[in-house]
Amino acid sequence: MNKEELQALVDEATFDFTIGDAEAALEKLNRAVTAVPDSFEAWHALAEIELQRHQVEAALAAGEKAYHLRPDDLFINTTLSRIWVAKGDKVTAEKFGAQAKMLSWKDQLKNPDEYKGGL
């Protein structure tokens, strides 16, 4: 599976979930991570969908795989914070939340023109 095919599959899965077809979304994302195990986007989408389905352990497993691929990503840190909130672990949730906040500030310093006028 090439990069474009992978992205198309992740996009289709996201659309499927958005229109209420969680099973189709999960099937496509599982196909994506099987074909390309180092796909950050597929693992992150899988984590988000599992969290929305209240499958917290599955969300955590997918989120941790995405995190190991891209630990400095603002969005996976935010997702992991939300997962740990759902698990009831405030300390770990705050750790990932703080990391996300620092990454956001770092991005603001690198790209000040994108943040003119506030958020």
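Numbers here simply count residues along the sequence, with the first being 1.
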Kindly say whether [Y] contributes a backbone atom to a donor-acceptor pair with the side chain of [X] at under 3.5 angstrom?
X   : Y   : result
T78 : L74 : yes
E5  : N2  : yes
S81 : N77 : no
W43 : H68 : no

Just jot down the side chain to side chain contact (heavy atoms under 4.5 Å, CB included) partners of [X], sequence neighbours excluded, or say none.
X   : value
K87 : V56, E57, L60, I83, W84
F15 : I19
A24 : D16, D21
E27 : R31

Checking K95 against K90 for the side chain to side chain contact (heavy atoms under 4.5 Å, CB included) test, could you report, in this order, the C-alpha distance in whole Å, the side-chain angles of both residues, the deciding distance, and whether it holds?
CA-CA 9 Å; K95 175 188 126 187; K90 181 181 177 185; over 6 Å; no
Atom pair [atom1]/[atom2] of [X] and [Y] - distance to nearest 0.5 Å:
X    : Y   : atom1 : atom2 : result
T14  : L46 : OG1   : CG    : 10.5 Å
L29  : E48 : CG    : CD    : 11.5 Å
L6   : M1  : CG    : CE    : 6.0 Å
L103 : D73 : CG    : CG    : 8.0 Å

For E23, what residues pass the salt bridge (Lys or Arg N to Asp or Glu O under 4.0 Å) criterion, not counting sequence neighbours?
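In terms of salt bridge (Lys or Arg N to Asp or Glu O under 4.0 Å), with neighbours along the sequence ignored, E23 is linked to R53.
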With side chains defined as the heavy atoms from C-beta onward, is the minimum distance between [X] and [Y] less than 4.5 Å?
X   : Y   : value
Q55 : I49 : no
D11 : L9  : no
R70 : E41 : yes

Name all residues meeting the ring-ring contact (aromatic ring centres under 6.0 Å, His included) criterion together with Y67; count only those two or more places apart in sequence or in a different chain, and write none if there are none.
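Per chain and number, Y67 pairs via ring-ring contact (aromatic ring centres under 6.0 Å, His included) with F96.
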For the pair Q99 and D72, evaluate side chain to side chain contact (heavy atoms under 4.5 Å, CB included) and give the outcome as yes or no after the intermediate values.
CA-CA 8 Å; Q99 182 67 17; D72 288 337; 4.0 Å; yes
Correct closest heavy-atom pair for A62 and A47 would be CB-N, 3.7 Å
Evaluate side chain to side chain contact (heavy atoms under 4.5 Å, CB included) for E50 paired with L26, printing each intermediate quantity in order.
CA-CA 9 Å; E50 292 291 22; L26 292 172; 3.7 Å; yes
Test: E94 and K101 ion pair at under 4.0 Å:
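Not counted as a salt bridge, because no side-chain N and carboxylate O are separated by less than 4.0 Å.
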Has F75 got more than 12 heavy atoms of other residues, nucleotides or ligands less than 6.0 Å from its CZ?
no
